Asker: 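My questions will all concern the structure given below.
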Amino acid sequence: MNNNQYNLKFEKLVAELELGELNSKPKAISGGLLHRMYAIETTHAKYAVKALNPQIMSRPTAMQNYIQSEKIANVAANFIHAQPAKVINGSSMQILEHQCYLIFDWIDGKSLELHEVTETHCEHMGMILAEIHKTDFSQLHIPDLQLDDSKETDWNDYLNKGQTENSDWTILLADNIQKLYEWSAQAKNASVILASDAVISHRDLEPKNVMWQQDNPIIIDWESAGYINPMHDLLETAMYWSMDQTGNVGKERFLAFINGYRSRVGNLNANWRRVLENGFSGKLDWLEYSLKRSLWIECTDGEEQQLGTSQVTWTIEALKQYEDMISDVENWLSS
């Protein structure tokens, strides 16, 4: 899409939604690894616009999941500082010429880089996660659909396809393929055991999804919101907040997050080894999605394909690093 088409599309969008007239050209901003984000300024206000990935929106359950996640964000906003998408003409989902958008009021704040996160931030975020877990979402009547664990990922099939395409990651995947099957089995076994205990949560409460105004955090990007085992969510989120740039988890920040959570809910009882083994699942899902992008199975353009390729390598390394830290984290929690 050239610049004129791109500007015209946003002019149509703001006109249709009665958001004023564009003051300047829309500006692409960092929007994570799935969708594209833009900053737009109109005669009314400044907005963040998320253009949702068409490949993802073509999935049968995608539209309902996005509408549901925005309802969750709206309920959560009664108890914590959360930012749902704007509801315009009765809907949070805006569609123009087959492209889906979410529109947000602009937040003047910043997300923290990993090296900026302190123990105080971690403790604060632990308390916020506990508040989300304690929130009563029953008015939304969201069914707790148990995940279908019968599907086995055929990692060898992806390896064969990668070898045919001469993909950059084939040697790395081949070297770790036995591990992928082991991790998949551990995650599946753990998820079956943990599935009976579930709460509704954000499910992606990374530092990039929290905007800080001075010391006040605002939780953004609720699109992954749904049911999750609370202890799995706790450990995964504590790791997000206590990780450094090399992927190592810092004990002090990790325990500050856990203590912040515990200060709101009391003592924690869990089979931590099972919870940690369940932690392979999200990374394995991301690896499979990245393989599909890299192999043009689920991909819209060359930029996305390259992103998939780089994420395959990154995710395999992250899985290996995660396995190495499981024993340490289990010891921290048990001491």
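What you are looking at is a predicted structure, and each value in this text was computed from that prediction instead of being measured.
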Asker: State plainly whether one hydrophobic cluster holds both L235 and V265, where clusters connect Ile, Leu, Val, Met, Phe, Trp and Tyr through side-chain heavy atoms under 4.5 angstrom apart.
Answerer: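 They do share one cluster, since a chain of ILVMFWY contacts under 4.5 Å joins L235 to V265.
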Asker: Is any side-chain heavy atom of E165 closer than 4.5 Å to a side-chain heavy atom of L295?
Answerer: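 Yes - at least one pair of side-chain heavy atoms lies under 4.5 Å apart.
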Asker: Same cluster or not: V275 versus Y240, using hydrophobic residues (I, L, V, M, F, W, Y) connected whenever any side-chain heavy atoms lie under 4.5 Å apart?
Answerer: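 Cluster IDs for V275 and Y240 match.
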Asker: At what distance, to the nearest 0.5 angstrom, does OH of Y47 lie from CG of L19?
Answerer: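 With rounding to 0.5 Å, OH (Y47) is 4.5 Å from CG (L19).
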Asker: Output, in order, the C-alpha distance, side-chain angles, deciding distance and verdict of side-chain contact (heavy atoms from CB on, under 4.5 Å) for I142 and I200.
Answerer: CA-CA 9 Å; I142 296 172; I200 287 178; 4.1 Å; yes
Asker: Test your reading of the model: is there a side-chain donor-acceptor pair from E303 to the backbone of T300, 3.5 Å cut-off?
Answerer: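 Between the backbone of T300 and the side chain of E303 there is no qualifying donor-acceptor contact (under 3.5 Å).
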Asker: Enter the distance from L52:CG to M93:CE here, rounded to the nearest 0.5 Å.
Answerer: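 Separation between the atoms: 5.0 Å.
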Asker: So with a 6.0 Å cut-off around CG of D215, is the heavy-atom count from everything else above 12?
Answerer: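 No, not enclosed.
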Asker: When you measure from the side chain of R253 to the backbone of V117, do you find a donor-acceptor pair of N or O atoms at a distance under 3.5 Å?
Answerer: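 Flag set: sc R253 to bb V117 pair under 3.5 Å.
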Asker: Under the criterion side-chain contact (heavy atoms from CB on, under 4.5 Å), which of I177, L172, L173, I171 is the partner of D175?
Answerer: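 Passing option: I171.
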Asker: Tell me whether N216 at atom CG has more than 12 heavy atoms from other residues, nucleotides or ligands lying less than 6.0 Å away.
Answerer: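 Count over threshold, so yes.
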Asker: For the side chain of R36 and the backbone of A51, is there at least one donor-acceptor N/O pair under 3.5 Å apart?
Answerer: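 No; zero donor-acceptor contacts below 3.5 Å.
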Asker: Once rounded to the nearest 0.5 Å, what's the spacing between atom CG of N278 and atom CD of Q186?
Answerer: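 The CG atom of N278 sits 11.0 Å away from the CD atom of Q186.
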Asker: Run the salt-bridge test on D157 and K161 with the 4.0 Å N-O cut-off and return the result as yes or no.
Answerer: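 Yes, D157 and K161 are salt-bridged.
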Asker: Under a 4.5 Å cut-off applied to non-hydrogen side-chain atoms, are W155 and L291 in contact?
Answerer: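 Touching, per the 4.5 Å side-chain cut-off.
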Asker: Taking the side chain as every heavy atom from C-beta outward, state whether Q83 and M211 have any atom pair closer than 4.5 Å.
Answerer: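 A side-chain contact is absent here, since even the closest heavy-atom pair is not under 4.5 Å.
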Asker: Could you check whether any side-chain N or O of E123 sits under 3.5 Å from a backbone N or O of N259, counting only pairs where one atom can act as donor and the other as acceptor?
Answerer: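 No, the answer is negative, given that no donor and acceptor are paired below the 3.5 Å cut-off.
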Asker: Applying side-chain contact (heavy atoms from CB on, under 4.5 Å), run through T153 and L284 and close with a yes or a no.
Answerer: CA-CA 9 Å; T153 302; L284 291 165; over 6 Å; no
Asker: Is a side-chain donor or acceptor of N229 paired with a backbone partner of A198 at a separation under 3.5 angstrom?
Answerer: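 Not at all, since once roles are kept as given, no pair shorter than 3.5 Å links the two residues.
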Asker: Checking the side chain of N331 only, and the main-chain atoms of S327 only, is there a donor and an acceptor separated by less than 3.5 Å?
Answerer: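 Yes, because the side chain of N331 sits within donor-acceptor range (under 3.5 Å) of the backbone of S327.
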Asker: Determine whether a donor-acceptor pair (N or O, by modelled atom type, separation under 3.5 Å) exists between the side chain of T43 and the backbone of G20.
Answerer: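 Such a contact is absent between T43 side chain and G20 backbone.
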Asker: Do F254 and I326 sit in the same hydrophobic cluster, where Ile, Leu, Val, Met, Phe, Trp and Tyr count as joined when their side-chain heavy atoms come under 4.5 Å apart?
Answerer: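 Result: yes, single cluster for both.
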Asker: Under a 4.0 Å N-O cut-off, is there an ion pair linking D221 with K50?
Answerer: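 Judged by the 4.0 Å cut-off on N to carboxylate O distance, D221 and K50 do form a salt bridge.
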Asker: Quick check: does any side chain N or O of R293 sit under 3.5 Å from a backbone N or O of T309, one acting as donor and the other as acceptor?
Answerer: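 Not confirmed, R293 side chain does not pair with T309 backbone.
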Asker: For C100 and M63, which heavy atoms make the closest approach, and how far apart are they?
Answerer: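 So the minimum-distance heavy-atom pair works out to SG-CE, 3.8 Å.
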Asker: What is the minimum heavy-atom distance between I193 and S196, and which atoms define it?
Answerer: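 Here I193 and S196 meet closest at O-OG, 4.0 Å.
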Asker: Might you work through the side-chain hydrogen bond (donor to acceptor under 3.5 Å, both in side chains) test for W314 and S290, ending with a clear yes or no?
Answerer: CA-CA 10 Å; W314 182 88; S290 299; over 6 Å; no
Asker: The test is side-chain contact (heavy atoms from CB on, under 4.5 Å); show your working for L287 and L180 and say whether it passes.
Answerer: CA-CA 10 Å; L287 175 59; L180 292 178; 3.6 Å; yes
Asker: Answer yes or no: are there more than 12 heavy-atom neighbours, outside E97 itself, under 6.0 Å from its atom CD?
Answerer: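 Correct, the count exceeds 12.
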Asker: Determine, using the 4.5 Å side-chain heavy-atom cutoff (strictly less than), whether M239 and M127 are members of one ILVMFWY cluster.
Answerer: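 Hydrophobic grouping puts M239 apart from M127.
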Asker: Can you find a heavy atom in the side chain of I128 that is under 4.5 Å from one in the side chain of P217?
Answerer: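 In short, these two side chains touch, coming nearer than 4.5 Å.
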Asker: For residues H81 and Q213, is any side-chain donor paired with an opposing acceptor at under 3.5 Å?
Answerer: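 The criterion, which ignores hydrogens and geometry beyond distance, is not satisfied for Q213 and H81.
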Asker: In terms of ring plane angle, is the pair F280 and W183 parallel, tilted or perpendicular, where the classes change at 30° and 60°?
Answerer: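 Ring orientation, 0 to 90° scale: parallel.
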Asker: Closer than 3.5 angstrom, by distance alone: can the side chain of H202 be matched with the main-chain N or O of I220 as a donor-acceptor pair?
Answerer: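 Side chain of H202 to backbone of I220: a pair is present.
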Asker: Looking at every heavy atom in both R59 and E298, which two are closest together, and how far apart are they?
Answerer: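 Minimum heavy-atom contact is NH2-OE2, 2.7 Å.
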Asker: Quick check: closest heavy atoms across S69 and W222, and the distance to 0.1 Å?
Answerer: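 So the two residues come closest at CB-O, 3.2 Å.
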Asker: Decide whether L96 and I40 are clustered together by the hydrophobic rule: side chain heavy atoms of Ile, Leu, Val, Met, Phe, Trp, Tyr closer than 4.5 Å, transitively.
Answerer: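 L96 clusters together with I40.
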Asker: Roughly how far apart are H141 NE2 and Q139 CD, rounded to 0.5 Å?
Answerer: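 Atom-to-atom, H141:NE2 and Q139:CD are 8.0 Å apart.
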Asker: side-chain hydrogen bond (donor to acceptor under 3.5 Å, both in side chains) between Q311 and Y289: does it pass, once the steps are laid out?
Answerer: CA-CA 9 Å; Q311 284 293 304; Y289 178 58; over 6 Å; no
Asker: At their closest point, which heavy atom of N74 faces which heavy atom of N78, and how far apart are they?
Answerer: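 For N74 and N78, the tightest heavy-atom pair comes out as O-ND2, 3.7 Å.
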Asker: Could you grab the distance from atom OH of Y227 to atom CG of D197, nearest 0.5 Å is fine?
Answerer: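 It is 12.0 Å, given to the nearest 0.5 Å.
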Asker: Assess whether a salt bridge exists between E323 and K320, defined as any Lys/Arg side-chain N lying under 4.0 Å from an Asp/Glu carboxylate O.
Answerer: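 Salt bridge between E323 and K320, a charged N being under 4.0 Å from a carboxylate O: no.
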Asker: Does some side-chain heavy atom of W241 sit less than 4.5 Å from a side-chain heavy atom of V210?
Answerer: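 Yes, close enough: below the 4.5 Å cut-off.
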Asker: Answer yes or no on whether K283 is positioned over the face of Y322, meaning its NZ or CZ is under 6.0 Å from the six-membered ring centre and within 45° of the axis.
Answerer: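 Judged by the rule, K283 and Y322 form a cation-pi pair.
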Asker: Is a donor on one side and an acceptor on the other found under 3.5 Å between the side chain of N209 and the backbone of D204?
Answerer: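 Flag set: sc N209 to bb D204 pair under 3.5 Å.
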Asker: How far does CD of E119 sit from CG of L255, to the nearest 0.5 angstrom?
Answerer: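 So the gap between those two atoms works out to 9.0 Å.
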Asker: For residues W169 and S294, is any side-chain donor paired with an opposing acceptor at under 3.5 Å?
Answerer: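 Their side chains do contain a donor-acceptor pair, which is all the 3.5 Å distance test asks for.
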Asker: Checking Y181 against E152 for the side-chain contact (heavy atoms from CB on, under 4.5 Å) test, could you report, in this order, the C-alpha distance in whole Å, the side-chain angles of both residues, the deciding distance, and whether it holds?
Answerer: CA-CA 9 Å; Y181 282 106; E152 301 277 356; 6.0 Å; no
Asker: Shortest non-hydrogen contact from Q99 to P54?
Answerer: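 Closest pair (atom of Q99, atom of P54, distance): OE1-CG, 4.0 Å.
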